[in-house]
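Computed from a predicted model, the values in this text were never measured in an experiment.
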Amino acid sequence: RTQTTWLVKGAQYEPLDASKTILFQQLEDAIRQHQTIDYSYDKADGTKTYLGVHPYKLVNHDGIWYLAAKDGGALKSFTLVKMDRLQVQNSHFTPDPEVERTLQQEDDVWLKEKKQEIVLKVTGLAATYFRRRKHVPQQDITKELEDGGLIVSCRVAHEDQIFRTVRQ
């Protein structure tokens, strides 16, 4: 019955080919079993090998799949389509409850511990959209202006997190 009343549009999802579907399933198992993993990752400056990584969650953000993992004590995110040659190890790790909490609270995939505060002045025309839903990470409306605009603060790990919103 709901098929005739609902139409959901919005997010576009990246297609995962057969090899990435297998990778996805292997990562799911490694996360469930708390097994460390090794893999190659395509970066802008070449391929890098990661060893002994602790996988925590598969995260879909804006239609792109990421692996949230701890590498050498630092929480990071890795785009799935850039991962290759995954090796699930027999070694296990004890999940850190603080990492789990962080992943539940984050509203973006930029998983950097140090964040900077950005303050935006939003015009009255755009204010409606910021009142309806969050458009920037850790969005907080700090002041409503007399002209209908807003002062919005957010906390970001990198400026790129807000550039798309500012351009729109």
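- Taking 4.5 Å as the limit, some side-chain heavy atom of Leu75 sits within range of a side-chain heavy atom of Thr102.
- In this structure, OH on Tyr39 lies 4.5 Å from CE on Met83, to the nearest 0.5 angstrom.
- Under the 4.5 Å side-chain heavy-atom criterion for Ile, Leu, Val, Met, Phe, Trp and Tyr, Leu16 and Ile22 are members of distinct hydrophobic clusters.
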Do Leu145 and Ile151 pass the side-chain contact (heavy atoms from CB on, under 4.5 Å) test, and can you show the C-alpha distance, the side-chain angles, and the key distance before you say yes or no? CA-CA 7 Å; Leu145 304 173; Ile151 300 295; 3.9 Å; yes
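- From Asp147, atom CG reaches atom CG of Leu150 across 9.0 Å, with rounding to the nearest 0.5 Å.
- In terms of heavy atoms, Ala69 sits closest to Pro55 at CB-CA, 3.9 Å.
- Looking only at side-chain heavy atoms (C-beta outward), Thr36 and Val53 stay at 4.5 Å or farther from each other.
- In summary, the side chains of Ser153 and Thr142 do not present any donor paired with an acceptor at a separation below 3.5 Å, with no hydrogens or angles considered.
- Side-chain contact, Asp84 with Ser40: no donor N or O sits under 3.5 Å from an acceptor N or O.
- Closest approach of Leu80 and Leu67 over heavy atoms only: CD1-N, 3.7 Å.
- Closest non-hydrogen pair, Asp96 versus Tyr56, comes out as N-OH, 2.8 Å.
- Here the closest non-hydrogen pair linking Asp29 and Gln35 is O-OE1, 4.3 Å.
- Nearest heavy-atom pair, Val88 versus Gln26, reported as atom, atom and distance to 0.1 Å: CG2-O, 4.3 Å.
- In the hydrophobic clustering of ILVMFWY residues, with side-chain heavy atoms under 4.5 Å counting as a link, Ile141 and Val122 come out together.
- Here the CG atom belonging to Asp38 is positioned 4.5 Å from the CG atom belonging to Leu51, to the nearest 0.5 angstrom.
- Side-chain contact between Val152 and Lys134 is absent, with no heavy-atom pair separated by less than 4.5 Å.
- Gln33 and His92 make their closest contact through O-CD2, 2.9 Å (heavy atoms, listed as atom of the first residue, atom of the second, distance).
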One pair to check against salt bridge (charged side-chain N to carboxylate O under 4.0 Å, His left out): Glu98 and Lys70. What are the steps and the verdict? CA-CA 12 Å; Glu98 187 59 35; Lys70 230 174 168 183; over 6 Å; no
Test side-chain contact (heavy atoms from CB on, under 4.5 Å) applied to Val136 and Val156, step by step: CA-CA 8 Å; Val136 290; Val156 299; 5.9 Å; no
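- One distance of note links CG of Leu103 with OG of Ser77; it measures 10.0 Å at 0.5 Å rounding.
- Between atom NZ of residue Lys143 and atom NZ of residue Lys121 there is a gap of 10.0 Å, rounded to the nearest 0.5 Å.
- At most 12 non-hydrogen atoms from other residues, nucleotides or ligands lie less than 6.0 angstrom from CG of Asn90.
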Candidate pair Glu100 and Lys57, rule side-chain contact (heavy atoms from CB on, under 4.5 Å), full reasoning: CA-CA 9 Å; Glu100 297 282 353; Lys57 295 279 184 211; 3.3 Å; yes
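- Below 30°, between 30° and 60°, or above 60°: for His54 and Phe93 the angle between ring planes is below 30°, a parallel geometry.
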Mind running side-chain contact (heavy atoms from CB on, under 4.5 Å) on Trp65 and Phe24 for me, showing each step along the way? CA-CA 9 Å; Trp65 282 104; Phe24 195 92; 3.6 Å; yes
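- No donor-acceptor distance shorter than 3.5 angstrom exists from the side chain of Asp71 to the backbone of Ala74, with no hydrogens or angles considered.
- With values rounded to the nearest 0.5 angstrom, Tyr41 atom OH is found 10.5 Å from Lys76 atom NZ.
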